[in-house]
Chemist: 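Got a structure here, written out as structure tokens. Questions coming.
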Amino acid sequence: MDIFAKYAEVRARHARLLEAGADPFGQRIDEIRSATEAVVDGRPTILLGTNNYLGLTFDPACREAAAKAALEQGTGTTGSRVANGTYGLHQQVEAGFRRFFDRRHAIVFTTGYQANLATISALAGPEDVILSDADNHASIWDGCRLAEAETFTFRHNDPDHLDKRLTRLADRPGCRLIVVEGLYSMRGDTAPLADFVAVKERHPNAWLLVDEAHSTGVYGAHGRGVGEALGCEKGIDFIVGTFSKSLAGTGGFAVSDHPDFELLRLTAKPYMFAASPTPSSMASTGEALRQIETRPALREAIWANARRLHEGLARSGFTLCAGVGPVVAVRMPDVETTVAAWNALIRAGVYVNFAIPPGTPGGLCLLRCSVSAAHTAGQIDQVIERFAEVASLPA
Ligand code: PMP
């Protein structure tokens with residue numbers, strides 16, 4: 001039997017997509033020119049699907065730091081910190097995360113995906129239960145699978161449903177680990193974190209972990225995420241995030257005030273058995289953190305762009321999945337229309353994210369835009385015009 005036979009349906013679906021034009025899941029970017037511009041199929045293209053929220057991938061100081069670290073300390077660490085040693089840069093960046101989040105402990109990981117795998121699987125043991133929001137990211141679900149705890153799902157952004165689930169589990173021994181995100185990356189909606197904190201506090205032995213992957217650097221007066229924006233940070237026990245969005249690198253982090261948090265270094269397999277982040281990624285991330293701390297104008301710029309795009313697309317009659325925010329998800333009626341619109345946009349020099357079921361919550365078909373502080377008002381206006389042209393195409 002062919003070992004790939006189980007993917008016949010995936011292959012058929014992908015073939016149907018290709019018939020419609022370019023491959024939205026394999027789009028090649030021929031040349032990257034800045035945080036917001038690339039050359040795609042020979043055409044100058046505005047990048048509006050990068051998660052490069054603060055545009056720091058091209059920041060001169062971040063690039064300089066990455067280049068210098070690679071030149072001075074090499075291209076890779078070639079092993080895990082447990083087996084092969086910790087670099088000074090790992091510790092410096094962990095100190096940076098402690099300072100930034102005002103937490104006692106911080107651990108860095110090789111990717112954000114691993115940060116979730118490591119943190120969730122190490123925190124929740126066989127005696128415990130995990131309560132996970134239905135719309136959580138794949139890395140959270142995989143963290144739940146890796147953990148030996150039983151996992152229960154509650155309805156997306158529904159603290160009452162979580163409360164009911166916890167009440168029903170009241171007689172179970174062990175701890176309850178509640179896992180939600182700050183900003184959900186597909187629809188662009190934020191979690192009612194203060195309500196989740198209140199539910200957690202009503203139930204004994206409950207702990208709250210928030211993945212602020214998409215909200216770090218963007219939400220809150222200091223950029224600490226949706227928890228900061230909603231004034232409930234101290235009720236969050238564990239914050240997880242990534243270097244790969246606002247922080248413009250590759251890696252992940254987790255922070256906490258729990259006095260035993262450092263035990264994760266001795267218990268979390270995705271930390272212990274994977275090579276640690278590279279010197280250049282650590283150096284650029286450390287610099288990006290400093291930029292976030294010292295340049296509030298970056299946050300002002302992304303919010304101004306988010307408002308401009310949101311208002312423009314809404315004015316053109318598009319249905320948007322959430323209020324103003326760095327993720328602006330345009331709702332499309334079906335897969336065929338989404339494919340056609342995505343192809344028309346790429347031909348018109350606008351790159352957005354193509355998102356269809358099963359990769360989306362609630363069976364939604366989306367053209368997902370992510371705004372950057374580095375976009376100019378002119379670029380945002382061009383995008384709005386291109387969207388309006390696409391919308392007026394015959395179905
Ligand atoms: N959490 C969330 C909510 C994400 O969207 C992602 C990836 N986009 C990750 C974690 C994983 O981060 P990374 O890309 O750094 O592995």
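Remember, it's 1-based here, ligands and their atoms both numbered in the order they're listed.
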Chemist: Which residue owns the protein heavy atom closest to atom 1 (N) of ligand 1, what's the atom, and how far is it?
Modeler: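 Checking every protein heavy atom, the shortest distance to atom 1 (N) of ligand 1 gives Asp211 OD2, 2.6 Å.
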Chemist: Which ligand 1 atoms does Thr242 reach within 4.0 Å, using its non-hydrogen atoms?
Modeler: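 Near Thr242, the atoms of ligand 1 are 12 (O), 13 (P), 15 (O).
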Chemist: Within less than 4.0 angstrom of ligand 1, does Ala138 place any heavy atom?
Modeler: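 The answer is no: ligand 1 sits nowhere under 4.0 Å from a heavy atom of Ala138.
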Chemist: Taking the side chain as every heavy atom from C-beta outward, state whether Thr319 and Val330 have any pair of such atoms under 4.5 Å apart.
Modeler: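 SC-SC contact between Thr319 and Val330 ruled out.
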Chemist: Once you measure the plane-to-plane angle for Phe101 and Phe253, does it fall in the parallel (<30°), tilted (30-60°) or perpendicular (>60°) bin?
Modeler: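 It falls in the tilted class, 30° to 60°.
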Chemist: Using a distance-only test with no angle check, is there a side-chain donor-acceptor pair under 3.5 angstrom linking Asp142 and Ser139?
Modeler: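 Note: Asp142 and Ser139 side chains miss the donor-acceptor criterion.
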Chemist: Is it true that the side chains of Ser372 and Asn52 contain a donor and an acceptor less than 3.5 Å apart?
Modeler: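 No donor-acceptor contact under 3.5 Å links the two side chains.
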Chemist: Please determine whether any non-hydrogen atom of Ser139 lies less than 4.0 Å from an atom of ligand 1.
Modeler: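 Right, Ser139 reaches ligand 1.
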Chemist: Between Phe354 and Phe25, what is the ring plane arrangement, given parallel below 30°, perpendicular above 60°, and tilted in between?
Modeler: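 Phe354 vs Phe25 ring planes: perpendicular.
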Chemist: Under 4.0 Å from a heavy atom of Gly251: give me the atoms of ligand 1 that qualify, with their elements.
Modeler: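 Near Gly251, meaning under 4.0 Å from one of its heavy atoms, ligand 1 has 15 (O).
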Chemist: Can Lys245 be said to touch ligand 1, with heavy atoms closer than 4.0 Å?
Modeler: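 Contact present.
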Chemist: If you count heavy atoms of other groups shown closer than 6.0 angstrom to CD of Glu262, is the number above 12?
Modeler: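 For Glu262, atom CD is crowded (more than 12 foreign heavy atoms under 6.0 Å).
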Chemist: Please check if any side-chain donor atom of Ser34 sits under 3.5 Å from a side-chain acceptor atom of Glu37, or the reverse.
Modeler: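 Yes, Glu37 and Ser34 have a side-chain donor paired with an acceptor closer than 3.5 Å.
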Chemist: May I ask you to identify the nearest protein heavy atom to atom 13 (P) of ligand 1, giving residue, atom name and distance to one decimal place in Å?
Modeler: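 Scanning the protein heavy atoms, the shortest distance from atom 13 (P) of ligand 1 goes to Gly112 N, 3.5 Å.
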Chemist: With heavy-atom distances below 4.0 Å as the criterion, list the atoms of ligand 1 near Ala213.
Modeler: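 Counting atoms of ligand 1 from 1, those under 4.0 Å from Ala213 are 1 (N), 2 (C), 3 (C).
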Chemist: Geometry only, no angles: is Ser244 polar-contacting ligand 1 at N/O separations under 3.5 Å?
Modeler: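 Between Ser244 and ligand 1, an N or O pair is found under 3.5 Å apart.
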Chemist: For His222 and Glu228, which I'm curious about, is there any donor-acceptor pair between the side chains at under 3.5 Å?
Modeler: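 There is such a pair (donor and acceptor under 3.5 Å, judged by atom type) between the side chains of His222 and Glu228.
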Chemist: Pull out every atom of ligand 1 sitting under 4.0 Å from any heavy atom of Glu181, numbered as shown with elements.
Modeler: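 Near Glu181, meaning under 4.0 Å from one of its heavy atoms, ligand 1 has 3 (C).
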Chemist: When you measure from atom 5 (O) of ligand 1 to every protein heavy atom, which one gives the shortest distance, and what is it?
Modeler: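 Ranked first by proximity to atom 5 (O) of ligand 1 is His214 NE2, 2.7 Å.
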Chemist: What is the closest protein heavy atom to atom 9 (C) of ligand 1, and at what distance does it sit?
Modeler: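 Ranking protein heavy atoms by distance from atom 9 (C) of ligand 1, first comes His137 CE1, 3.5 Å.
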Chemist: Between Arg308 and Asp381 (salt bridge meaning N to carboxylate O under 4.0 Å), is one present in this structure?
Modeler: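 So Arg308 pairs with Asp381 through a salt bridge.
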Chemist: Only heavy atoms of Asn116, strictly under 4.0 Å: list the atoms of ligand 1 that pass.
Modeler: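 Ligand 1 atoms under the 4.0 Å threshold to Asn116: 1 (N), 10 (C).
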Chemist: Heavy atoms only: which of Tyr113, Phe243, Tyr184 lies closest to atom 16 (O) of ligand 1?
Modeler: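 Looking at heavy atoms only, Tyr113 sits closest to atom 16 (O) of ligand 1.
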